[in-house]
**Q** 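The structure under discussion is supplied below as structure tokens; questions concerning it will follow.
No hydrogens, no waters, no symmetry mates; every other heavy atom, side chains included, goes into these values. Naming: A, B, ... by sequence-line order, numbering from 1 per chain.
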Protein chains: 2
Amino acid sequence: MKFNQATDYAFRAVLYLANQTRGKVVDAQTISQSQVIPMRFLLKIMPSLIKSRIVGSQRGVGGGYYLAKAPGEITLLDVVEAIEGPVTINKCLIDPSYCSKDGAPGCPVHRTLGEIQEKLVQELRNRNFDDLMHKARQE
Amino acid sequence: MKFNQATDYAFRAVLYLANQTRGKVVDAQTISQSQVIPMRFLLKIMPSLIKSRIVGSQRGVGGGYYLAKAPGEITLLDVVEAIEGPVTINKCLIDPSYCSKDGAPGCPVHRTLGEIQEKLVQELRNRNFDDLMHKARQE
DNA sequence: TATATTGTTTACCTTTTTAGTATAGTTTTA
DNA sequence: TAAAACTATACTAAAAAGGTAAACAATATA
């Protein structure tokens, strides 16, 4: 029951970009070093954030990554889904044929976990990177 | 971001025992067959539920497993923790030395995930197996 | 326009975890 | 005492996680 390492790195990379002046382009090495993320690994996960339109990139000299929207427009859920795909806390919530008992909408375990999953998703959707930036300052 | 298979099996095994007449002893094979759980695997995870005092066991002829308390006294969290240990959605929530930035109580990602984790734990604690039994009947 | 810089793509590798199986042992009842 | 039933421990195969490497494509600028 954990987010994976790539997601954790992505949270920190996005937060780092959010803390730059709007639209500033930062190269992978700078992000990697400041956030202590293995460079090659960072380079591998960034395209996922780009596909989800969370960040943009620019190649060539002076290139790098930049936030593609305002921090307040990016939720934790956006980042999680970009890296891990949809949040599903239990197998039977993806594969309907999985539940051994009471197939259809039957299995009470299935349904209860579905409700809990929905709460989790809501929590993730309710927090954006503007919140996180202020959280840092409040400290 | 998933519960593992063993936890899923445990949910179903406990719910099955909850649906028996109070204190009834059911052998592993019966549980295994009715819930479609590999017998050997079930035999391996049951001791975890016993250590957490969720179920009890009896060896020898006519032996098996039984619920050690009322279904209403067993929460989903109890079962999850019995099988997987404490719920921790992010590495930095277990290992304080992990956060690369702002060590101490600093990292806003750390703290925000901590809040979300607490919500998840509350949801799991708020649901017990009596709820699940009624959920099944309502359908 | 050549070249160094910087991200992209794809493939590969190692380690850990997961899911499941096997075997020998202990308890209990008939 | 023998069969039934759980216990403990070890083992294994497959998948996922985490990370690395190499060849490639785009871009700025000298």
**Q** Starting at CG of B:Asp27 and ending at P of D:dA3, how long is that distance when rounded to a whole Å?
**A**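 B:Asp27 atom CG is separated from D:dA3 atom P by 18 Å.
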**Q** Taking only side-chain nitrogens and oxygens of A:Tyr66, does any of them come within less than 4.0 Å of OP1 or OP2 of C:dT6?
**A**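 Negative; the distance criterion is not met.
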**Q** Please report the distance, rounded to the nearest Å, between NZ in B:Lys51 and C1' in D:dC6.
**A**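 It works out to 12 Å between those atoms.
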**Q** What is the distance, to the nearest angstrom, from the CZ atom on B:Phe3 to the P atom on C:dT17?
**A**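 It works out to 19 Å between those atoms.
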**Q** Rounded to the nearest 0.5 Å, how far apart are CG of B:Asp130 and OG1 of B:Thr75?
**A**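 Separation between the atoms: 13.0 Å.
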**Q** Name the residue closer to the 5' end of DNA chain D, choosing between A:Asn4 and B:Gly63 according to the nucleotide with the nearest heavy atom.
**A**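 The residue mapped nearer the 5' terminus is B:Gly63.
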**Q** Classify the nucleic acid contact of B:Ile50 as base, sugar-phosphate or nothing, counting any heavy atom under 4.0 Å across all strands shown.
**A**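 It contacts sugar-phosphate atoms only.
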**Q** Under 3.5 Å, is there a donor-acceptor pair between the side chain of B:Glu81 and the main chain of B:Pro86?
**A**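 No: the side chain of B:Glu81 does not pair with the backbone of B:Pro86.
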**Q** Given D:dT7, is OP1 or OP2 found less than 4.0 Å from the side-chain N or O atoms of B:Ser57?
**A**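 Checking D:dT7 against B:Ser57, a side-chain N or O does come within under 4.0 Å of OP1 or OP2.
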**Q** According to salt bridge (charged side-chain N to carboxylate O under 4.0 Å, His left out), who are the partners of A:Glu115, at least two apart in sequence or on a separate chain?
**A**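 Salt bridge (charged side-chain N to carboxylate O under 4.0 Å, His left out) check on A:Glu115 returns B:Arg127, B:Lys135.
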**Q** Can you check the B:Leu42 CG to D:dA8 P distance for me, whole Å?
**A**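 One finds 15 Å between P of D:dA8 and CG of B:Leu42, rounded.
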**Q** Could you state the CE-C1' distance from A:Met46 to C:dT6, rounded to the nearest angstrom?
**A**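 A:Met46 atom CE is separated from C:dT6 atom C1' by 13 Å.
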**Q** Take the protein atom CG of A:Leu43 and the nucleotide atom P of D:dA22, then report the distance between them rounded to whole Å.
**A**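 Rounded to the whole Å, the gap is 15 Å.
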**Q** Scan nucleotides 20-30 of chain C nucleotide by nucleotide, 5' to 3', and note B when protein non-hydrogen atoms come under 4.0 Å of the base, S if they reach only the sugar-phosphate, - if neither.
**A** BBBB-BBBBB-
**Q** Give the rounded distance in Å between these two atoms: NZ of B:Lys2 and P of D:dA15.
**A**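 B:Lys2 atom NZ is separated from D:dA15 atom P by 16 Å.
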**Q** Please lay out, stage by stage, how B:Arg125 and B:Glu118 fare under the test salt bridge (charged side-chain N to carboxylate O under 4.0 Å, His left out).
**A** CA-CA 10 Å; B:Arg125 189 156 34 214; B:Glu118 191 45 45; 3.7 Å; yes
**Q** What pairs of donor and acceptor atoms, side-chain ones from residues 37-52 of chain B against any protein atom, are under 3.5 angstrom apart with sequence neighbours left out?
**A**
residue, atom, partner, partner atom, Å
B:Ser52, OG, B:Ser48, O, 3.3

**Q** How many whole angstroms separate atom CE of A:Met1 from atom P of C:dT17?
**A**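 Going from CE in A:Met1 over to P in C:dT17 covers 18 Å.
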**Q** Roughly how far, to the nearest 0.5 Å, is the CZ atom of A:Arg22 from the NZ atom of A:Lys69?
**A**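 Spacing of NZ (A:Lys69) from CZ (A:Arg22) equals 10.5 Å.
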**Q** Rounded to the nearest 0.5 Å, how far apart are OG1 of B:Thr112 and CD of A:Glu123?
**A**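 Output value for this atom pair is 11.0 Å.
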